[in-house]
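Notes follow the structure.
What you see below is based on every heavy atom in this structure, not just the backbone, and it leaves out hydrogens, waters and symmetry mates.
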Amino acid sequence: MDPHLIEQIAVAAGMGLIGAVVFAAIGLVSGTDETTTLAPLTLLTVLLGVPPAGVFTFFLAGAVAKHMTHAVPTALLGIPGDTMAMPLLQDANLLRKLGVPHIALRKMVSGAIIAAFVAVPLAVLFAVMLAPFGAFITKTAPWIFLAAAVLIAYFSAGRWASVALLVPFVVVILALQSLTAKYDVKLSISYFLGIAIGPLIADLFTVLSPAGRQRMSRDNVRKFNLAPDVKGWSGYFPNPFKVLDRSQTRWTLSTALVSSATFVFSPVAMTVVLGEIVGSRIKHAYHRLTTVLSARNGVTEATYIAEALIPLIAFGLPLSPVAAGPAAPLFNAPPRFTVDSATGQTHNLHNLMNHWEFLGYGMLAVILAAVVSYPFAMNYARRAALFVSRKVSHEAIIATFVGLIIVISVWEGQLLGLLVILTMGLMGGLLSRIFGFNTGVQFMGYYTAVLSVPALVKLL
């Protein structure tokens with residue numbers, strides 16, 4: 001074999017293993033948003049000069065691993081592991097009240113691993129089918145971004161409010177760009193990071209306000225009840241097809257197929273809608289709960305994989321909520337990866353890897369995530385949840401990411417970079433909390449500002 005290929009595979013496997021381990025651990029911590037965690041660490045791998053295959057496997061293995069272990073706090077503690085776990089919470093809580101949270105956990109994790117193995121080849125297949133239209137889409141990128149921004153905003157929680165808020169949001173970005181241009185500072189990463197950690201910055205400012213601090217204060221320490229662990233298999237690596245029954249396996253595969261073909265709609269919306277469709281076709285209450293949980297967690301995996309891979313392989317443009325959010329460093333991370341704001345031309349993983357490499361390294365990432373996260377979540381979930389709830393400081397984790405983001409912003413734009421992050425974060429966080437103007441819509445607003453507005457000005 002080619003020594004260069006062997007080295008490339010070794011680097012990809014090493015980075016994928018690191019991503020799987022890191023994000024399997026992060027997934028255990030409740031409330032760790034994908035954009036706030038996946039995006040900055042993926043961006044760090046890009047800026048450190050990791051080869052393209054290593055960056056790709058790090059991101060994908062991390063995303064797959066996190067969407068398995070986020071089931072642990074969701075099922076056992078009754079608190080969502082991250083944003084994508086929110087649609088799973090109600091059914092998981094009902095099973096907790098029935099005294100079978102371990103069953104809910106196993107169904108969720110098994111659905112995720114099956115969907116992940118299905119989603120990668122399907123997403124690559126759909127991307128190859130769309131690739132012939134890549135030149136046309138690249139040429140018309142400014143208008144496609146504008147249309148996608150409006151579409152994604154409409155299907156977000158804010159609906160028409162989000163559509164209307166795109167205008168002032170884009171204007172603020174243009175104003176900040178004009179300000180930094182006066183000092184010969186061109187920023188891109190700082191806008192992206194500010195949007196990513198918007199809810200966190202909004203919370204930090206809220207704590208500084210006496211009124212906000214009073215609203216956030218709690219009289220008692222929150223308590224959780226953990227059911228005893230019951231192991232229903234022998235060995236370390238259980239068979240997911242035996243954990244799910246035939247009906248649950250069919251529904252998981254069917255919903256994964258549908259979500260692997262879509263890449264524009266909100267991942268949370270896809271999880272909710274497909275889960276409702278599955279639940280409406282099952283009469284028995286207990287079987288309905290367990291089947292919906294397995295299918296929905298499979299959708300979280302398949303949607304994330306498809307929304308990252310299809311735009312990346314077919315177009316090289318971040319034309320989905322996931323691509324514009326957590327996966328944004330795969331598309332645009334200057335100076336290594338770029339999307340030209342004037343022409344829509346790209347230089348990123350789309351140009352540096354071919355279809356077979358995306359398929360091969362994608363499957364490698366899923367295998368690594370499965371080997372790390374699946375048996376860990378199935379065998380040690382209760383002990384891990386107990387350790388995290390008692391010993392892990394959420395404040396320390398938040399401080400770690402805040403420190404990382406400050407370093408990157410100062411590296412890119414010194415004081416102006418930090419000010420842009422604070423401004424975008426505070427504005428985006430408040431708009432997200434109050435109006436449902438979520439980070440996916442905000443990222444599309446950023447690309448509208450840098451791609452669509454110049455084209456509109458030129459046209460007019």
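Closest of all the heavy-atom pairs between A24 and S373 is CB-OG, 3.3 Å. Contact detail for W251 and T291: the closest heavy-atom pair is CD1-CG2, 3.7 Å. The nearest pair of heavy atoms linking F59 to P326 is CE1-O, 3.6 Å. Summarising the geometry of V64 relative to A369, their closest heavy-atom pair is CG1-CB, 3.6 Å, with the distance given to 0.1 Å. Contact between N297 and A112 at its shortest, heavy atoms only, is ND2-CB, 3.5 Å. Looking at every heavy atom in both residues, L426 comes nearest to A202 through CD1-CA, 4.3 Å.
Residues W143 and L456 are in side-chain contact: their nearest non-hydrogen atoms beyond the backbone lie under 4.5 Å apart. Side-chain contact between R336 and P329: absent, with no pair of heavy atoms (C-beta onward) separated by less than 4.5 Å. Within the 4.5 Å cutoff, the side chain of F337 has heavy atoms near those of the L352 side chain. Residues D203 and R433 are in side-chain contact: their nearest non-hydrogen atoms beyond the backbone lie under 4.5 Å apart. In this structure the side chain of R296 reaches within 4.5 angstrom of the side chain of E276, judged on heavy atoms. Within the 4.5 Å cutoff, no side-chain heavy atoms of V124 are placed close to those of W356. Put simply, the side chain of F435 does not reach to within 4.5 Å of the side chain of V441, judged on heavy atoms. Proximity of F58 to L41: side-chain heavy atoms (C-beta onward) are separated by under 4.5 Å at one or more points.
Separation of the Y361 and F56 ring centroids does not fall under the 6.0 Å cut-off.
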Could you please spell out the steps behind the side chain to side chain contact (heavy atoms under 4.5 Å, CB included) verdict for F169 and I195? CA-CA 11 Å; F169 190 78; I195 293 170; 4.1 Å; yes

Walk me through whether L95 and L293 qualify under side chain to side chain contact (heavy atoms under 4.5 Å, CB included). CA-CA 10 Å; L95 287 175; L293 278 176; 3.4 Å; yes

Please assess M378 against V243 for the test side chain to side chain contact (heavy atoms under 4.5 Å, CB included), listing each intermediate value before the final yes or no. CA-CA 10 Å; M378 296 292 281; V243 176; 3.8 Å; yes

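Not counting sequence neighbours, the partners of A13 by the side chain to side chain contact (heavy atoms under 4.5 Å, CB included) test are L364. Residues passing the side chain to side chain contact (heavy atoms under 4.5 Å, CB included) test with V371, sequence neighbours excluded: I367. For E7, there are no salt bridge (Lys or Arg N to Asp or Glu O under 4.0 Å) partners, not counting sequence neighbours.
When atom types are taken as modelled, the side chain of H350 and the backbone of L312 share a donor-acceptor pair closer than 3.5 angstrom. Looking at S432, its side chain never comes within 3.5 Å of a backbone N or O of G428 through a donor-acceptor pair. A donor-acceptor pair under 3.5 Å is absent between the side-chain atoms of Y374 and the main chain of M68, judged by distance alone.
Interatomic distance, L94 CG to T290 OG1, rounded to the nearest 0.5 Å: 12.0 Å. With values rounded to the nearest 0.5 angstrom, Q248 atom CD is found 4.0 Å from H287 atom NE2.
Screening I305, T42, V55 for a side-chain contact (heavy atoms from CB on, under 4.5 Å) involving L60 leaves a single residue, I305.
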